[in-house]
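Sequential numbering from 1 along the given sequence is applied to the chain's residues.
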Amino acid sequence: SGVNATDFAIVGATTTCVDNFVLAASGGSCVVDVTFTPTALGALTATLNIADSDPNSPQQATLNGTGVLANVTVTPNPATFATRIVNTTSGALTVTVTNTGTLAATLAAANPVTITGTNPGDFAIVGGTTTCLANTVLAAGGGSCVVDVTFTPGASGARSATLNVSDDAPASPQQTVLSGTGQTPPTADFSTTSIPFGNQRVGTSSAATTVTITNNGEATLAIASIVKGGTDASQFSVVGSGVSPCNFAGGNIPGGGGSCTFDVTFSPTSTGAKNATVTVTHNGNATGTPGTVTVVTLSGTGIQANVTLTANPTDFGSQRVSTTSTAMTVTVTNSGTDTATLAAANAVTITGANAGDFANAGTGSCANGLVLAASPGPGNTCTIDITFTPSALGARTATVNVADDAPGTPQQATLNGTGIQANVTLTANPTDFGDVKVGVTSSAMTVTVTNSGADIATLAAANAVTITG
């Protein structure tokens, strides 16, 4: 009888205290074998009663026992891994198996920990650090062991499995859900990795070329830096541009087609081939590991016209005043690597102290708007035919100017010439014959004709010398 009488039972086969059993005087005895089968946790009690002919019947004995039970739990549940790039392995996540019950629990002798479910191959037990092993005993009241698990997603999207712990505790196997998400790795897809700008006039800037970096993966593309370098880095400009400009100090580009852009321009300050690079450091690789480098090569050639005039100076020598010389040719040559275009108006002018004494004969090939090809041509020269008509004696000078779009415009050449003229005089003048008898011829007197000028004087072809009066 008693509160928990049903938890105790008499074992009939071995009990000798049976009905009408006679206990002999002075020590006769019999036995009652009792079992305890607790139906609940905690202290349980009942009373064993022996009814006999003794005046104090029934004789009683108190039956006590405690119900105990293992209670094994697995935490965390669910065990969730951070999003991971496909085919890369996470750090270990620790799952703790704890017995909070009042009875020790023993893990299974074979395969006490297993992974099953939808994607079991994506999760793995770390052998070296897992302590939940075969026959591990979890002491009552908090005994525990750990299972370290890694996550290696085999595909993108949600991935899951179940971790099972088999033991002798109720509700075995105890379980926790393993979950994580796989992502395809980030990509750094460049719209171009080579920008040839070709020829560019010195002192001018090319049109911008835009470079787009696109992340066609699912994981975030992390750009650590974008750095311009190389021998001629100063000849190129690199700046973030567009709706999503690239951050040169580093930044993230989301997956699924996210992008950033930067513009490159070429502004040569001198002639010749120029080369530079843009180096982008990022994690666009199969594992998303930082440190991948992509180099965008930059090239271009600085070109410039170089226009000169020859002969310089152009010397006409001596020319009779008020007469026009034969034309002399001034050659305009472009020896540079760029074309040169003569001015649209007044491409050739003559200025200077005696500009009026020199004239463009108009028979040369240099004309307004003419384009001189780059060296070595053909078409990299033109000519100016100039005449000299001195208006006075002595040295005469002027400058021929060629206006164009080449450096140092206008290009110039000095024009020189000398105005000359004859100066004929007669001596003696007067010539005095004195007194001569009429009808008598005097002795001859000489009149000297002298040219003291800078030009020759030629006597007339007929009647060069006459006497009049």
Side-chain angles (χ1 to χ4, degrees), residues 186-216 221-253 258-286 288-308 333-341 371-380 404-409 411:
T187 67
D189 297 326
F190 285 71
S191 58
T192 182
T193 55
S194 177
I195 306 177
F197 284 94
N199 292 334
Q200 184 67 35
R201 181 171 290 184
V202 171
T204 66
S205 295
S206 70
T209 296
T210 299
V211 178
T212 302
I213 306 172
T214 303
N215 179 9
N216 289 309
L221 175 65
I223 294 180
S225 62
I226 300 176
V227 179
K228 180 180 68 171
T231 305
D232 305 303
S234 63
Q235 308 288 293
F236 299 85
S237 172
V238 182
V239 295
S241 63
V243 176
S244 301
C246 295
N247 187 338
F248 285 28
N252 293 331
I253 299 176
S259 65
C260 74
T261 57
F262 62 86
D263 284 349
V264 184
T265 55
F266 176 42
S267 305
T269 59
S270 60
T271 59
K274 311 296 180 184
N275 295 281
T277 58
V278 178
T279 301
V280 183
T281 304
H282 55 83
N283 70 333
N285 52 59
T289 304
T292 295
V293 172
T294 300
V295 177
V296 180
T297 59
L298 313 177
S299 62
T301 302
I303 59 173
Q304 191 170 54
N306 182 38
V307 175
T308 56
T333 302
N334 178 16
S335 61
T337 50
D338 190 13
T339 61
T341 302
V371 176
L372 297 177
S375 180
N380 67 318
D404 51 46
D405 60 357
T409 187
Q411 285 74 32

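Side chains of T269 and Q235: a donor on one and an acceptor on the other come within 3.5 Å. In this structure, a donor-acceptor pair under 3.5 Å is absent between the side chains of S259 and T214. Using modelled atom types and a 3.5 Å distance limit, the side chains of T210 and D263 yield a donor-acceptor pair. Of the N and O atoms on the side chains of T231 and N275, not one donor lies less than 3.5 Å from an acceptor on the other residue.
Under the 4.5 Å side-chain criterion, counting only non-hydrogen atoms from C-beta, V278 is in contact with F262. Within the 4.5 Å cutoff, no side-chain heavy atoms of F266 are placed close to those of L298. Between V211 and I195 the shortest side-chain heavy-atom distance falls below 4.5 Å. Side-chain contact between L221 and N283 is present, with heavy atoms from C-beta onward closer than 4.5 Å. No side-chain heavy atom of T294 sits less than 4.5 Å from a side-chain heavy atom of I213.
N334 places a side-chain N or O within donor-acceptor distance of the main-chain N or O of N306, the cut-off being under 3.5 Å.
Residues K228 and V238 come closest through the heavy atom pair CD-CG2, 3.8 Å. The two residues A340 and D405 make their nearest non-hydrogen contact at CA-OD1, 3.4 Å. In plain terms, the two heavy atoms of S299 and P196 that are nearest each other are OG-CA, 3.4 Å.
The distance from the OG atom of S267 to the NZ atom of K274 is 12.0 Å, given to the nearest 0.5 Å.
Screening N247, I223, N215, V243 for a side-chain contact (heavy atoms from CB on, under 4.5 Å) involving C260 leaves a single residue, I223. For the side-chain contact (heavy atoms from CB on, under 4.5 Å) with R201, the qualifying choice from D338, T271, T337 is D338, the only one to do so.
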